[in-house]
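A short worksheet on the structure shown next.
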Amino acid sequence: MGKTIVITGASSGIGAAAAVELSRQGHSVLALGQTPAKLARAHQRMRKAAPVGVEVPEPVRADLSSLRAVRELAATLLERYPRIDVLVNNAGVQPGRRRLSADGHELGLAVNHLAPFLLTMLLQERLRESAGRVITTSSDTHVDGRLDLDDLEMERDWSGPASYATSKLANILFTAELRRRTGLAASCFHPGAISTDLNRDSPWFRLVKPFERFYYGRPEEGAETLVWLATDDEGAAPTAVYYEKRQPAQESAAARDEESAARLWQASEAMVEQHLAV
């Protein structure tokens with residue numbers, strides 16, 4: 001029986017590649033993304049790949065930079081889907097300059113950590129009812145992350161790479177704490193060095209993009225571990241928190257700090273508290 005799978009950041013890159021492959025395998029995949037035109041193209045690819053008779057839901061536009069929009073998205077999902085087997089928190093940004101979300105949070109923190117935190121919290125009961133799993137796209141750049149719990153908004157010392165690395169560290173800490181607190185089957189992974197639109201805010205993006213194929217892997221390669229965690233028995237009862245190339249991988253010492261994970265969870269709850277009621 002096919003699974004019902006929700007993927008954020010599925011309009012392009014790793015998310016779109018995973019959505020296409022999971023559709024090809026016969027799962028019902030809901031693609032979420034911010035850009036309607038890109039979502040439509042991804043949806044066409046999903047429909048083309050899906051076996052005859054397999055439903056390919058219409059994609060849904062999702063603005064993960066707004067906590068209110070995340071709450072509204074969760075309400076829509078709960079209304080439409082009596083069963084959610086897999087939630088994939090894949091969407092991410094790497095801002096080229098320090099920007100704030102609609103809620104006044106540093107944008108990297110808002111999109112890469114607070115949005116998946118809130119969405120997962122709002123869907124956790126539906127996921128638990130389905131013995132579901134939560135998969136979050138992290139990165140090996142987490143080793144460069146420096147989580148200052150007294151300055152999560154990075155007001156004192158901000159850079160694009162530091163914001164991204166710290167958010168990816170937060171993804172791993174969130175995954176570990178989610179397992180401890182809820183018992184959900186949660187895992188995260190490093191997709192590898194993959195050619196995507198992640199750095200689209202960078203002034204160098206258009207100059208470098210044509211040459212990425214010589215140095216970076218294709219989105220389909222980056223999606224392999226995601227697809228595996230979504231469908232394999234390993235993803236249903238993960239033996240590790242963090243994976244790479246369909247194998248348990250070594251996270252940094254900071255990513256294994258249980259005290260930091262607990263404090264980050266508490267801080268995140270406080271930041272999203274008013275949006276936790278659907």
Working note: N89 + I135, criterion side chain to side chain contact (heavy atoms under 4.5 Å, CB included); need CA distance, chi angles, decisive distance, verdict.
CA-CA 6 Å; N89 294 310; I135 303 163; over 6 Å; no
For the residue pair L178 and T120, what are the closest heavy atoms and their distance?
CD2-CG2, 3.9 Å
For atom CZ of R68, is the number of surrounding heavy atoms from other residues, nucleotides or ligands below 6.0 Å larger than 12?
no
Under 4.5 Å between any side-chain heavy atoms of E177 and E258, yes or no?
no
Ignoring hydrogens and geometry, is there a side-chain-to-backbone donor-acceptor pair from R126 to Y81 under 3.5 Å?
yes
Can you list the residues that meet the side chain to side chain contact (heavy atoms under 4.5 Å, CB included) rule with R128, with sequence neighbours excluded?
Q124, E125, T182, L184
State, yes or no, whether a side-chain contact exists between H105 and L114 at a heavy-atom distance under 4.5 Å.
yes
Relative to the ring of F174, is the ring of H113 parallel (under 30°), tilted (30 to 60°) or perpendicular (over 60°)?
perpendicular
What are the two closest non-hydrogen atoms of A31 and L39, and how far apart are they?
O-CD2, 3.8 Å
Would you say the side chain of S23 lies within less than 4.5 Å of the side chain of V54, judging by non-hydrogen atoms?
no
Under 4.0 Å between a side-chain nitrogen and a carboxylate oxygen: does that hold for E220 and R45?
yes
Quick one: do R146 and D157 make a salt bridge, cutoff under 4.0 Å?
no
How close do A50 and V56 get, counting heavy atoms only, and between which atoms?
CB-CG2, 3.6 Å
Derivation and outcome, side chain to side chain contact (heavy atoms under 4.5 Å, CB included), residues L64 and V70
CA-CA 6 Å; L64 300 186; V70 172; 3.9 Å; yes
Taking all non-hydrogen atoms of both residues into account, name the closest pair between A19 and M46 and its distance.
CB-SD, 3.7 Å
Report the distance from atom CD of E269 to atom CG of L118, rounding to the nearest 0.5 Å.
11.0 Å
Can you check side chain to side chain contact (heavy atoms under 4.5 Å, CB included) on L109 and M271, steps first, answer last?
CA-CA 11 Å; L109 174 72; M271 289 179 178; 4.2 Å; yes
Using the rule given for side chain to side chain contact (heavy atoms under 4.5 Å, CB included), can you reason through R80 versus V60, listing the C-alpha separation, both sets of side-chain angles and the distance that settles it, and then say yes or no?
CA-CA 12 Å; R80 294 184 185 179; V60 173; 3.6 Å; yes
Do M121 and L77 share a hydrophobic cluster (ILVMFWY, side-chain heavy atoms under 4.5 Å, transitive)?
yes
Checking H43 side chain against P57 main chain: does a donor-acceptor pair fall under 3.5 Å?
yes
So does D85 pair up with R83, basic N to acidic O under 4.0 Å?
yes
Counting heavy atoms not belonging to R181, are there more than 12 under 6.0 Å from its CZ?
yes
Assess the side chains of W228 and E234: does a donor N or O sit below 3.5 Å from an acceptor N or O?
no
Spell out, yes or no, whether L78 and F117 are grouped together once hydrophobic residues are joined by side-chain heavy atoms under 4.5 Å, including indirect joins.
yes
State, to 0.1 Å, how close A255 and L173 come at their nearest heavy-atom pair, and which atoms those are.
O-CD2, 3.4 Å
E273 atom CD, neighbour heavy-atom count above 12 within 6.0 Å
no
Answer yes or no: is there a donor N or O on one side and an acceptor on the other, between the side chain of D148 and the main chain of L152, under 3.5 Å?
no
In the structure I gave you, are the side-chain heavy atoms of V241 and C188 within less than 4.5 Å of one another anywhere?
yes
Is the backbone of L149 close enough, under 3.5 Å, to the side chain of R263 for a donor and an acceptor to pair up by distance?
no
Starting at CD of E55, measure out to CZ of R47 and round the result to the nearest 0.5 Å.
11.0 Å
What's the spacing between S130 OG and I84 CD1 if we round to 0.5 Å?
7.0 Å
Should E106 and S163 count as side-chain neighbours, where that means a heavy-atom distance under 4.5 Å?
yes
With the side chain counted from C-beta on, respond yes when Q94 and K168 share a heavy-atom pair under 4.5 Å apart, and no when they do not.
no
Between the side chain of H27 and the main-chain N/O of L22, is any donor-acceptor distance below 3.5 Å?
no
Applied to residues 118-143, the ring pair (Phe, Tyr, Trp, His ring centres under 6.0 Å) test, sequence neighbours excluded, yields H142-Y242
Check whether Y243 and I5 end up in the same hydrophobic cluster, where Ile, Leu, Val, Met, Phe, Trp and Tyr are linked by side-chain heavy atoms less than 4.5 Å apart.
yes
For V86, does its backbone N or O pair with a side-chain atom of R133 as donor and acceptor, under 3.5 Å?
no
Would you check if W158 and P95 make a side-chain contact, meaning some heavy-atom pair closer than 4.5 Å?
yes
According to a hydrophobic-cluster definition based on side-chain heavy atoms being under 4.5 Å apart (Ile, Leu, Val, Met, Phe, Trp, Tyr only), do V6 and L127 belong together?
yes
Note: P238 and A185 closest approach over all heavy atoms is CD-CB, 3.9 Å
Beyond-backbone contact of I7 with L30, side-chain heavy atoms, under 4.5 angstrom:
no
So, R61 side chain and L32 main chain: donor-acceptor pair closer than 3.5 Å or not?
no
Rounded to the nearest 0.5 Å, what separates atom CG in L107 from atom CD in E153?
10.5 Å
Whether the N90 and T137 side chains hold a donor-acceptor pair (N or O, under 3.5 Å, no angle test) is what I'd like checked.
yes
Nearest 0.5 Å please: distance from the CZ atom of F189 over to the CG atom of N171.
10.0 Å
Give a yes or no answer on whether the side chain of D232 reaches the backbone of G235 with a donor-acceptor pair at less than 3.5 Å.
no
Path from W265 to L276 over hydrophobic side-chain contacts below 4.5 Å
yes
Less than 3.5 Å apart, any donor N or O on the side chain of N112 or S167 sitting next to an acceptor on the other?
yes
Once you round to the nearest 0.5 Å, how far does OG1 of T231 lie from CG of L226?
9.5 Å
